[in-house]
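Taking it in order: structure first as structure tokens, then the write-up.
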Protein chains: 2
Amino acid sequence: MRADAQRNRDKIVEVARAFFRAKGFDAVSMDEVAKGAEVGPGTLYRHFPTKESLYDAVLESWAEKVNAAVDRALSLNGSAREQLMTWLTDYAAMLTENKGAAARITAALGDPGSPFAGKCRTYVNANQRLIDGLDSALRPGVEAMQISRLVGGLAAVADNSELPPESVAPMLAVVADGLLAP
Amino acid sequence: MRADAQRNRDKIVEVARAFFRAKGFDAVSMDEVAKGAEVGPGTLYRHFPTKESLYDAVLESWAEKVNAAVDRALSLNGSAREQLMTWLTDYAAMLTENKGAAARITAALGDPGSPFAGKCRTYVNANQRLIDGLDSALRPGVEAMQISRLVGGLAAVADNSELPPESVAPMLAVVADGLLAP
DNA sequence: TGCCAAACGGAGAGTGTCTCCGTATAGTTC
DNA sequence: GAACTATACGGAGACACTCTCCGTTTGGCA
């Protein structure tokens, strides 16, 4: 990639990240990202053919954070319920940083053609590692995709309604207790 | 209301209902509803000032269905868990009829200014009646709004991914078990 | 039949995503 | 450092959508 192209790409992602964080996915237009990055719309669209692909690039480090959160939860010296709640709380908290991310990633679960397919795999794999780590503490037959959808749906609601963590916690507790073996 | 206005209004709602059911909220344009109902865009917008207000009119009978589903669940001769699962299953099933409804109604929870505010009240009240009906079988401190958000979020995911009922059932079971007293 | 408030409908404003293509430039070659 | 070419740029504008304004038509009543 040519040096000017790389410079522009970096600036676009940087500007877009700030805009998305401040206003959420829907409220940011591609035109304003282009203006903010001081490039033309054509340049923006050569680097990122759709608005969603730009969002995907903005969420680049998200995968690392998800994996780190699972590691943190599994390495805790506590009950399975505490480990589960730690992971769920961390995940829900991650989404307050990127308004609209929960809904989009959750909606893309099971759609390999989505720009977020990579993010989805990371997320489902994280839940699979959690299942493996918690071993027999969970109800039998529970699947990673089910946890992903349950928590993703709840996170999307919390994100959309801008619920404070203390309002989300009781709902996470319901999901956690439901996931633990009866 | 003048006779021609009433005729047009009825036809618009009828056409819109068919379109929304077939393609979902986002994929239907106001222009095609106007064309389908054989009226001009101006006429359409005098009857329904926004697309969401049109959707609200299409979902008119939804409130009755929700209340009927709660009644049905509470009148069952079964365990609290069976009653709960019956209601959750009925609610989730209701949404396959109107693609996009779950996400919109759930997103409007707690926003009195939304065109769906009336639908939200109905829905939260239904969950409150469920709580009152199931009495002490539920975990202490659980609130109607929490159930509304939990189930709404899950329903939105199921709707969006077009999950078959047998895929939704295990997730509903998790929520149900989580809601029942430990 | 004549009147007029009510309703109609379509052109178009405003806003968004995304494309096409003539122009400019980075990086290589002599 | 000049010429060359592949690469990248940027802006006009195509297209789709929601929603508005306003001149025209019509239903219902006196």
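Lettering of chains follows the sequences in order, A, B, ..., and the numbering in each one begins at 1. All of these numbers come straight from a predicted model, not from anything done at the bench.
Between Arg104(A) and Asp56(A) there is no salt bridge, since no side-chain nitrogen of the basic residue lies less than 4.0 Å from a carboxylate oxygen of the acidic one. A salt bridge links Asp71(A) with Arg129(A); the closest basic N to acidic carboxylate O contact falls under 4.0 Å. For the pair Asp177(B) and Arg81(B), the salt-bridge criterion is met [side-chain N within less than 4.0 Å of a carboxylate O].
The aromatic rings of Tyr91(A) and Trp62(A) lie perpendicular to each other, with more than 60° between the two planes, well past the 30° mark.
A sub-4.0 Å separation between OP1 or OP2 of dA8(D) and a side-chain N or O of Asn8(A) is absent. Residue His47(B) has a polar side-chain atom (N or O) positioned under 4.0 Å from OP1 or OP2 of dC8(C). Between Tyr45(A) and the phosphate of dT19(C), there is no side-chain N or O to OP1/OP2 separation shorter than 4.0 Å. Checking the phosphate oxygens (OP1, OP2) of dG10(D), a side-chain nitrogen or oxygen of Thr43(A) falls inside 4.0 Å.
The number of heavy-atom neighbours closer than 6.0 Å to NZ of Lys23(B), taken from other residues, nucleotides and ligands shown, is above 12.
Atom NZ of Lys51(B) is separated from atom P of dT15(C) by 19 Å (rounded to the nearest Å). One atom, CG of Asp31(B), and another, C1' of dC15(D), lie 13 Å apart when rounded to the nearest Å. For the pair Leu54(B) CG and dT18(D) P, the interatomic distance rounds to 10 Å; values are reported in whole Å. To the nearest angstrom, C1' of dA7(C) lies 17 Å from NZ of Lys11(B). The CD1 atom of Ile12(B) sits 9 Å away from the P atom of dG9(C) (whole-angstrom rounding). With rounding to whole Å, Lys35(A) atom NZ is found 10 Å from dG16(C) atom P. In this structure, CZ of Arg46(B) is placed 16 Å from P of dT24(D), rounded to the nearest angstrom. If you take CE of Met30(A) and P of dA14(D), they are 21 Å apart, rounded to a whole angstrom.
In this structure, the side chain of Lys51(B) engages the main chain of Val28(B) through a donor-acceptor pair within 3.5 Å.
Remark: Phe25(B) engages Phe20(B), Tyr55(B) in a ring-ring contact (aromatic ring centres under 6.0 Å, His included) (not counting sequence neighbours).
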Are any protein N/O atoms closer than 3.5 Å to N/O atoms in nucleotides 24-30 of chain C? If there are, list each pair with its distance.
{"residue": "dT25(C)", "atom": "O2", "partner": "Arg2(A)", "partner atom": "NH1", "Å": "3.2"}
{"residue": "dA26(C)", "atom": "O4'", "partner": "Arg2(A)", "partner atom": "NE", "Å": "3.3"}
{"residue": "dG27(C)", "atom": "OP1", "partner": "Ala3(A)", "partner atom": "N", "Å": "3.2"}

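If you check every strand for non-hydrogen atoms under 4.0 Å, Val28(A) touches sugar and phosphate atoms only.
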